[in-house]
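One structure is given here, and the rest of the page talks about it.
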Amino acid sequence: MDKLKFDEKGLIPAIIQDVNNNDVLMMAYMDRKALEMTIETGFTHFWSRSRKKYWKKGETSGNFQEVKEILYDCDEDTLLVRVIQHGSGACHTGERTCFYRILLQDKEE
């Protein structure tokens, strides 16, 4: 964990990916404590920048994320957390993934 580069606020982006089908489910921020909680419990924990508190994914929705693998990128400043998504979805809107809106799509598809 000492290799990781947290930003000036002590945060690191965490991309959450479904281990079974590689869908990108969401992106949130962790600080050192949230990462430690994630490693210790085996479920994702994040730092909420808006609420200024820790939260365990699924604590209110029941849509928990069971951690299977945590990787970090070549710059050591982003995490990839591979999970089993329990429940209907990862997004607070009820969608399976937070990335359900299309900004650009190849018209030849």
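Only heavy atoms go into these numbers, but all of them, side chains included; no hydrogens, no water, no symmetry mates.
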Checklist entry - Is N63 reaching over with its side chain to a backbone N or O of G89, donor-acceptor style, under 3.5 angstrom? => result yes
Next on the checklist: Checking the side chain of T78 only, and the main-chain atoms of P13 only, is there a donor and an acceptor separated by less than 3.5 Å?
Outcome noted: no
Next on the checklist: If hydrophobic clusters are built from ILVMFWY residues whose side chains come within less than 4.5 Å, do L71 and I39 share one?
Outcome noted: no
Checklist entry - Would you call the rings of H86 and F43 parallel, tilted or perpendicular if under 30° counts as parallel and over 60° as perpendicular? => result tilted
Checklist entry - Taking the side chain as C-beta and beyond, is there a heavy-atom pair between D18 and T97 under 4.5 Å? => result no
Next on the checklist: Please say yes or no: joined through hydrophobic side-chain contacts below 4.5 Å, possibly via intermediate residues, are F64 and V24 part of one cluster?
Outcome noted: no
Checklist outcome for this item: Output for pair (T44 OG1, M30 CE), nearest 0.5 Å, gives 6.0 Å
Checklist entry - Quick one: CZ on R32 to CG on L11, what's the gap to the nearest 0.5 Å? => result 12.0 Å
Checklist entry - Do the side chain of T38 and the main chain of H45 share a donor and acceptor less than 3.5 angstrom apart? => result yes
Checklist entry - Which class fits the ring pair Y54 and W47: parallel under 30°, tilted 30 to 60°, perpendicular over 60°? => result perpendicular
Item to check | N/O donor-acceptor pair under 3.5 Å between K3 side chain and E76 backbone | outcome: no
Checklist entry - From I84 CD1 over to N20 CG, what is the distance, rounded to the nearest 0.5 angstrom? => result 5.5 Å
Checklist entry - L35, W55: one ILVMFWY side-chain cluster at the under-4.5 Å cut-off? => result yes
Checklist entry - Which heavy atom in F6 sits nearest to a heavy atom in M1, and how many Å separate them? => result CE1-O, 4.5 Å
Checklist entry - At their closest point, which heavy atom of K52 faces which heavy atom of R49, and how far apart are they? => result NZ-O, 2.8 Å
Item to check | Non-hydrogen side-chain atoms of L25 and V83 separated by less than 4.5 Å | outcome: yes
Checklist entry - Is a side-chain N or O of D31 found less than 3.5 angstrom from the main chain of G10, in a donor-acceptor match? => result no
Checklist entry - Are V81 and F46 side-chain neighbours, meaning at least one heavy-atom pair lies under 4.5 Å? => result no
Checklist entry - Judged by atom type as modelled, is there a donor-acceptor pair below 3.5 Å linking the side chain of Q17 to the main-chain atoms of R82? => result no
Next on the checklist: Nearest 0.5 Å, please: how far is SG in C91 from CZ in R96?
Outcome noted: 12.0 Å
Item to check | I12 vs Y72, side-chain contact (heavy atoms from CB on, under 4.5 Å): CA-CA, chis, key distance, verdict | outcome: CA-CA 10 Å; I12 190 167; Y72 59 97; 6.0 Å; no
Next on the checklist: If hydrophobic clusters are built by linking Ile, Leu, Val, Met, Phe, Trp and Tyr wherever their side-chain heavy atoms come under 4.5 Å apart, do L80 and L4 end up in the same one?
Outcome noted: no
Checklist entry - Roughly how far apart are Q85 CD and M26 CE, rounded to 0.5 Å? => result 8.5 Å
Checklist outcome for this item: Here the gap from I16 atom CD1 to I70 atom CD1, rounded to the nearest 0.5 Å, amounts to 8.5 Å
